[in-house]
Each structure stands twice: as C-alpha cells, then as structure tokens.
Amino acid sequence: MKRQYDHRAVEPRWQAYWEQQHTFRVTEDLSKTKYYCLEMFPYPSGRIHMGHVRNYAIGDVVARYKRMRGFNVLHPMGWDAFGLPAENAAIEHGVHPGLWTDENIRYMRGQLRQMGLSYDWSREVTTSEPEYYRWNQWIFLKMYERGLAYRKRSAVNWCPSCETVLANEQVEEGHCWRCDSVVIQKELDQWFFKITDYAEELLKGLDGLTGWPERVLAMQRNWIGKSEGVEVDFPLAEPLGDLKAIRVFTTRQDTIFGATFMSLAPESPLLEGLIQNRPQAAVVREFVTRVSRQDKAVRTAADREKEGVFTGAYAINPFTKLRIPIWVANFVLYEYGTGAIMAVPAHDQRDFEFARRYGIPIRLVIQNPTGSLVEERLDAAYEEQKSAGALVNSGQFSGLSVPKAKEQIAEFVEAQGLGQRTVMYRLRDWGVSRQRYWGTPIPIIYCDACGLVPVPEGDLPVRLPKDVPFTGRGASPLAQVREFVSVRCPTCASPAKRETDTMDTFVDSSWYFLRYCSPKADQLPIEPAAAGYWMAVDQYIGGIEHAVLHLLYARFFTKALRDLGLTTADEPFRSLLTQGMVCKETYRCPTHGWLFPDDMVWSDKDGWHCAQCQSQAEKGRVEKMSKSKKNIVDPEHLIVTLGADTARLFSLFAAPPDKDLEWSDSGVEGCSRFLNRVWRLMIDLQPLLRQGAHTTSSEDVSSSGGTSRSQELRRLTHRTTKKVTTDIEREFQFNTAIAALMEFVNGLYKFVAERGPDDQPAETQALREAAQTLILLLGPFAPHLAEELWEMLGQKPSIANVPWPQYDPALVASERLTIPIQVNGKLRSKIEVPADSSEEQVITLARQDAKLSEWLQGKSPRRVIYVEKKLVNFVV
RNA sequence: GCGAGAGUGGCGGAACUGGCAGACGCGCGAGACUUAGGAUCUCGUGGGAAACCGUGGGGGUUCAAGUCCCUCCUCUCGCACCA
C-alpha cells in the first residue's frame, strides 16, 4: 500500500462503485423519514466553476450526513438548460443551441461525477427536453384556464437597427450590446402570469419561513412592497364628458389638506382628454414624447431631476375645496397605484422639489413637536411620521396626530363616498413572453375566426422546430419558420397561426424541484403522491443572486400548483442556505489591465510583474472570481492535480458556507496535506487494526478499565463526534467541524507516537474506535478517501448508509478540569481539579495556589466569584 | 434615503446562554530524518524588554465585555422617485 495517497486511482474507483451499486438511488419509503436536499441546478454553460463546486460540496455534506442519520434522502440534480447563451452561441459560432447545450451537459455531468456527489442520477431533469417543457406548456394552459395567464400590451427593449427585442442584460447603458444603437421601448402584446393574485399570500408566507436568512426575507418583502392607504377622487374643476374626477392613491391621506396640485404619469390615457383644445396641448405632447423615448433605466434613476408641465386643467381638492392645477410629471409611475398622485409639497420631498421649481404653493399641514416649522421658510419636505407633532390647517382634523388623522380621514373618505381604503403592492405581474428561440413555446394559437385558442392538451408538447435561422436580427427566430407558425385552428380547422414567443426560463426553474419527485411522470407534471411524500424541500442551497426572482416565482408556482391539486405544499423550501461568493485576489498591470497568475513573473525583490511589459503588478482587491478580472481557478485542474476530496474540503473549510470565501492556493494545499496525513496514519495503523476487525461497535470497547491513555483517546473520539455533529446540525458550521477533525487527527498522531511497543488490548480497541469514527465523520466531507480507508480497515463498503457515530455524554466529560484563577478579573493562575469538585473544594485549592498569594499580597478578598466548572475570580 | 450584514494576529477564520481572546489552517521561525527536499515528523509563533497592552473609535453596565447598552466611524451587499 502506497504511503502517498493516490486520489487519481481512488476517486474514480468509488465513483464507479456508487454508480454501479446505485448507492444514492431512492424511492418513496413510508417507513422512513424523508429528507429532501436540493442545490440550485446549473445552467449548462460549458464547464463548472468554483461557485458550483462550493454549492454542491455544501449540499453533498448535508445529503450524506442526513443519509447516515437514517433519513431517506432525495438528492437530485438536473439542468436549467434553456436560455440566451445557447442562442448567442448559435448566432456567433453557428452551433445549434440544442447541440451546444447537450454537449455542455455531457461535459459538466462528467465534471460533477468527478466531484463524487451523492446524486440520484436516475432523476436527472433537463428543462430543454420536450418531456420536461411539455409540462411548462401544460401548466401554462391550466393557468390560462384559471385566468392566471393573460395577454397584455407591454413595453420591451427594442433595437431599431437589429430590429429585434433585447433582454435587459443585452442593454448596456441604454445601448444595444451588438450594434450600440440606442435602445427604445416598444409596445408588444405579451403574456403575463398573475402573480399579484398571490401577493398577500406570498407576503404572509414569509413569516413562516423561519429557516430562511433574514435578508432574503427582507428583500422579498421589499419586492412585494405592500402599502396601505386610500384611493380618493379629486373632481375636475370643469368635467370633461364622462371624466368627472381623477382618482389618486395615497398612503398619506393625513396630508390631504396640503395637496396643492396633482401629477399624472406621462403614459396616463387621461392626458389627451385633459389637454384637448387647450393652448398647453402641444407642450404636453412634446414632453410626453420626450420622456417616453428615454431608456427606462435612465428615466427611473433616483437622482433624476423632477420635471413636468402644466396641462391647463384643474381639479378640486375635496377637503380644501380649492382649485389645484393638474400637471404631468416624469417621476409619476403609470404602473403603480392609479398613475396619478395628489402632490403635497410640504410633506413629500419629490413634490417639494417639483413645487419649488415651478412656483406652486406649499401648504404646511403637519407641524413638528417643537412647532418650529414655518410654511414660508421650509427648506425640505417634513416627511416625519413617527415623532411628528400634529395636523394644522386641516379643518376638523387639525390637532390630530398622524396615525389618528390617517385613520379618521380614511373613514371620512369612505363615509363621504370620496373613495375607499386600498392596499397596493409594488409587485407586478410576471411577464413571461420572450421573443427567443431557445425556450418553451407558448402553447397558444391565433385564429381569425375563433380568436385566441389554447393548444389542446392532447397536442402537447408543442415542439421547438429544429431548422431555424439564427441571425440575431429581425423578428424572433420561431416567427421565421413557416411550418411552425402556420397551423390549423383546433376549434374550426381553418388556417391559423401559432404564438411564436417562448417562455421566460424562470418558468422552468419555478417547479423543477417538484418534477424531481416523479421525474418520469407522463400523465401529469407531478405525481401528487410522490410530491406528497417528498415535498417540501428540507434544505435548499444556492446563490444569493436568486434571493428575489427565482425564489419568489418558485413560491408562486408552488402555490398555484397546489391550487391545481398537484401538491399539498404551501411553500417549496423549508430552509434556505445562501452560500457566499468565491473570491480571489486580483492583479493589474497599469498598461495591460487585469492579469492572470500566468501572465506575471515573480521577483523576490518587489513582487509580481507583468510578463509582457515588466512593470510592477498592482495587487487589486479581493473580488468575486470572474473571467474579466482574470482571477478564476479552474475546478477541473484542481480535481486532476489534488483531487475532488481536496477541492471539496477546502471550499468547506475556508469559510462558513454563508460567508464569502477567499481562495488561497496554499490553503488548498493545507487541505490536501491533511487528507494525506489521514491516509498515512491509517496505512500505519492498518496492520494493527485489521486484526479483529469483526469487533467494530463502540460497545465492544469497554468503558470501564483500560489505561488512562486509552481513556483519554476515547474522550477525544467522543468529543470530536459531538463537536462535528453539533457543528453540522447548528447552521452547517462545516469549517469548525473540519477543524475539529484536524485536531482529532493531530491527537491521534500524538497518541500513536507515544504508544509503547507492547500491545495493550484496551489501547488497540480505543484506537480502532477512533479510526473508525474518524473515517465515518470524514465521510460527508471527503467521501472517496473515507470509503477507501473503510474498506482498507476490513469493513464492507459503502459508508454511505453506515449509521453516523454516536457519542457517549459520559465519556465527553473530562475527569479533571483546568480552572482559571482571576484576581480582579485578570487571569493570574490556573489550577487543575477533579471534575466533580465542589465550590468549596475549588476555592480552597485556589487559595492555596502559590501564584495567587503573590497577587493577593496578604489582602483578603472582598468577594469570591465562582462559576461552576469555569473559573474563580477573587475581588480585592 | 430604506433594508440586511460585517469590522478580531502577517492572512483565512475560531470563541454555546457575558466567564482562559486568537481553536483549526495558511504563512513564518527552530529542530529531526534525509544525498537533497518545496516530502514528512516535532516544537514554537498577537504586540511589548517588562509592567502591561490588545477584538473599528469613544463612553457605559458588570467581579468579569469580542459578546450587553449608548454613540460615532468604515466597508460590503440588496432595493431605490412605489405616492
């Protein structure tokens, strides 16, 4: 047996074993408690990166640990295979997106296998396959039936030169990523999912997600953005036909007496009516056109200057009965509220700036507690609500506090029939139409006679045609395929046209975790019984970048599918772990930009230099690994040179999972060194431990008798077991669990070195227990090495289902304790006492301590503090 | 501006309900074994000559504070004209 651990031989061997033995294949087993461990499935971009390694290493520890704890563990993997990069590859290199994707999947699947991850590969799911996306279509149709999918005109990014729609990420500072033309907004008919129907449930549900990080919950709350207020009608001073009033939404009804003007969104359809036959008409139209031409990102930037124009029309403030001008303002959003606001310059900063700029009156209606606000001399809006004083200039409501006024004015509005209390959400419906090829075709047919006709369920899937022109220009690729577009109407059989938009790829990832429960189901997307057993996901692990969209859509889908009777789960993910980014230091050359490590030469005198121009490389910040910063480390290279176990171990050891991890090549070597240390230790012990390999359980090691050295070793074994177990259970503190394993190994080395030549049976037994425990505890972290050692010690493979070691609490406790002695809170000495010493005994021993008397200098302590088993503190 | 999180040795990071600050690893130093080692093993390693000083700064509570309270500073991330 080689003393150097050969991961190149060992790792593939166990990967093949697990595969052949179907070690990680699971089925529903009602006699066992299930545990569903899931990592976010990857986009098949070509090769795995360190972020994947970290993500999947974390998940694999959880899955393997839970399996050893006796759970029936579902741990699946698949591919988020639709998406823009495949289509870009087609445009740029002429490869078909399907082929490109399949090749990437094949390669990356191999890489994941090399990592030794405990997946049930028989459940693998690929979203770009018709067997999967047909169910996207099926779900879409069910949503359509229930009014949860609908069509609406909506703006998209449009490049006038490429004549194509651009995704948000293809718009770079308002310009097309390919041709640099200015991107404009264009209105198209598009499909939406009515996620807003679930706004309240999505918000309420967050309270129950106790296993989610606070900041993700906060982001989702913020995204849903619930606000309670009132809608109020402001009558027009001169009614225009049917239009007698303009409705606004406000959360600050308490300031309504201060509303000195109104503002409409530039997109408001009311505008045309208001400006007709007025001298202002031309100016308003010009303003609206100018604003609507602006890029959305530019227009909604927070520091954007507030501007607007007067429409010429007036409304009546229903409380003050004053005529107030109606303006159009660039900062008023058409999509939110009613697209019109009452403007209260004294108590809203935006309105304040606007009023100042255009000379509109400012009316103070809330006075601060000190009464120092003067209407004529405000330099900013007074927006304070919590500590605000009281209403002024507000008729019968003057004198009320802000909360009281909100309440009473809302009541008054309703009583007078001016409007009603309303709850508004920031959350918008989810636009799912994409003018792309590589996605799920939307299963809808447009017939001149019958109108919009859903594709009958029996005709699913609507397959993507294979021969499609990829030019990156003009209409969506599918629209150019006549055989795809022209179709017979399912109802009347007359010639009709297919929808050519495909679905947002977030649709695919919104329910894949449900599909894993019954990946081969062909009657329904999900077998309710299977979902009933496995759902919800007990532990979901992935990047923080999905804190809002993916996780919110997945929650929405789960609820919608629940309402279709496919699952009983209300929430998809019981617990969420958002792993930190993998970062690394960066280097820059003043002339050649970012540098790869290979682009630099080392000088002992003054560090790294640019290999091209010899100028000194500046050490940049530690940043997230990225190609552009040239600070990436290729996992494959690492796996080949040092092995998968090392790669896994380092990504778990260098930082707690939820924190950013700073890559360090020497740190990686340290982990490799540790595994080799374990290997050599076991190789050396093997002859001793193999004999009598049949006695394996810890009960065989008698806890009475034995040498004190064997007792010490057993204590270390059981302490380590406790530490590793609690560290995994408590917030997945893998870094400290691994540290404990390292201490364990250090202790074992020491024990072996000090061990005499004579064969003490108790010591051998204790050693055997220690070795076996070490291997099992190491199993979830470095599974290949652990399997190999387990077998080497004469055990039957595999460790995957060997019960997790138990610790004996009696053994964990020491017989002797070291008690620090403090004088006035400062450490002055230490004494060793038997663990069962009483308070009096410890204090007496402490008083006798030689070093202590030096510090007491004859003075008798005023007070003695004793903390059980912890310390003694003399106060003088 | 709002929300979340973080600031501890030369570095990554430990420290459960307040109770020995710096576990473990890296790096560094010394020694051992070696023809040699950048392999391996052992020991040491916060600063300071010492008294002492040390967990972003200042204040407080306490016998005792990285941990609790007040206050300030810095950094990271997310959202950001949502009425």
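Bear in mind that the values here come from a model prediction, so they are computed numbers and not experimental data. Each chain gets a letter, A, B and so on, in the order the sequences are listed, and its residues count up from 1.
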Quick one: do [X] and [Y] make a salt bridge, cutoff under 4.0 Å?
| X | Y | result |
| --- | --- | --- |
| A:D727 | A:K723 | yes |
| A:R709 | A:E712 | no |
| A:K226 | A:E200 | yes |

Might you list the N or O atoms of the protein lying below 3.5 Å from N or O atoms in nucleotides 58-65 of chain B, with each pair's distance?
residue	atom	partner	partner atom	Å
B:C63	OP1	A:R863	NH1	3.1
B:C63	O2'	A:N873	ND2	3.4
B:C63	O2	A:N873	ND2	2.6

Please list, chain by chain and in numerical order, all residues satisfying salt bridge (Lys or Arg N to Asp or Glu O under 4.0 Å) with [X], sequence neighbours excluded.
| X | value |
| --- | --- |
| A:D233 | A:R247 |
| A:E743 | none |
| A:R221 | A:D207, A:E214 |
| A:R290 | A:E307 |

Practice task
Mind checking side-chain hydrogen bond (donor to acceptor under 3.5 Å, both in side chains) for A:R555 and listing every partner two or more places apart, or none if nothing turns up?
Solution key: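 Applying side-chain hydrogen bond (donor to acceptor under 3.5 Å, both in side chains) to A:R555 gives A:Q220, A:E571.
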Problem - Residues in side-chain hydrogen bond (donor to acceptor under 3.5 Å, both in side chains) contact with A:R363, at least two apart in sequence or another chain - result: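 A:R363 satisfies side-chain hydrogen bond (donor to acceptor under 3.5 Å, both in side chains) with no other residue.
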Practice task
For A:S672, check side chain to side chain contact (heavy atoms under 4.5 Å, CB included) against everything at least two apart and list the hits.
Solution key: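 Counting only residues at least two positions away or on another chain, A:S672 forms a side chain to side chain contact (heavy atoms under 4.5 Å, CB included) with A:L642, A:T646, A:N676.
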Practice task
Write out the stems for RNA chain B, ordered by first number and formatted as range with range, counting runs of at least 3 consecutive Watson-Crick or G-U wobble pairs under 3.5 Å.
Solution key: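 RNA chain B stems, ordered by first number: B:1-7 with B:73-79, B:10-12 with B:24-26, B:27-32 with B:40-45, B:56-60 with B:68-72.
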Between [atom2] on [N] and [atom1] on [X], what's the gap in Å once rounded to a whole number?
| X | N | atom1 | atom2 | value |
| --- | --- | --- | --- | --- |
| A:K826 | B:G54 | NZ | P | 9 Å |
| A:E662 | B:G12 | CD | P | 6 Å |
| A:I738 | B:G12 | CD1 | P | 19 Å |
| A:R828 | B:A51 | CZ | C1' | 10 Å |

Handout entry: Worked verdict on A:R426 versus A:N222 for side chain to side chain donor-acceptor pair (under 3.5 Å)
Key = CA-CA 8 Å; A:R426 226 180 64 119; A:N222 181 7; 4.5 Å; no
Handout entry: Contact residues, residues 739-747 of chain A to RNA chain B [heavy atom, < 4.0 Å]
Key = A:A739, A:M742, A:E743, A:N746
Under 3.5 Å donor-acceptor pairs involving side-chain atoms of residues 253-262 of chain A, not counting sequence neighbours:
residue	atom	partner	partner atom	Å
A:Q253	NE2	A:K406	O	3.1
A:D254	OD1	A:R252	NE	3.2
A:D254	OD2	A:R252	NE	3.4
A:D254	OD2	A:R252	NH2	2.9
A:T255	OG1	A:R252	O	2.7
A:T260	OG1	A:P361	O	2.8

Practice task
Write down the distance separating the C1' atoms in B:A64 and B:G18, rounded off to the nearest Å.
Solution key: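 8 Å, rounded to whole Å.
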Handout entry: P-based separation of B:G13 from B:A4 [nearest Å]
Key = 23 Å
Handout entry: Side chain proximity check, A:L264 to A:I246, heavy atoms < 4.5 angstrom
Key =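 When only atoms from C-beta onward are counted, A:I246 and A:L264 do touch, with a gap below 4.5 Å.
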Within the sub-3.5 Å range, which N or O atoms of nucleotides 26-28 of chain B have a protein N or O partner, and how far apart are they?
residue	atom	partner	partner atom	Å
B:C26	OP1	A:R673	NE	3.3
B:C26	OP1	A:R673	NH2	2.7
B:C26	O2'	A:S666	OG	2.8
B:G27	OP2	A:R673	NH2	3.4

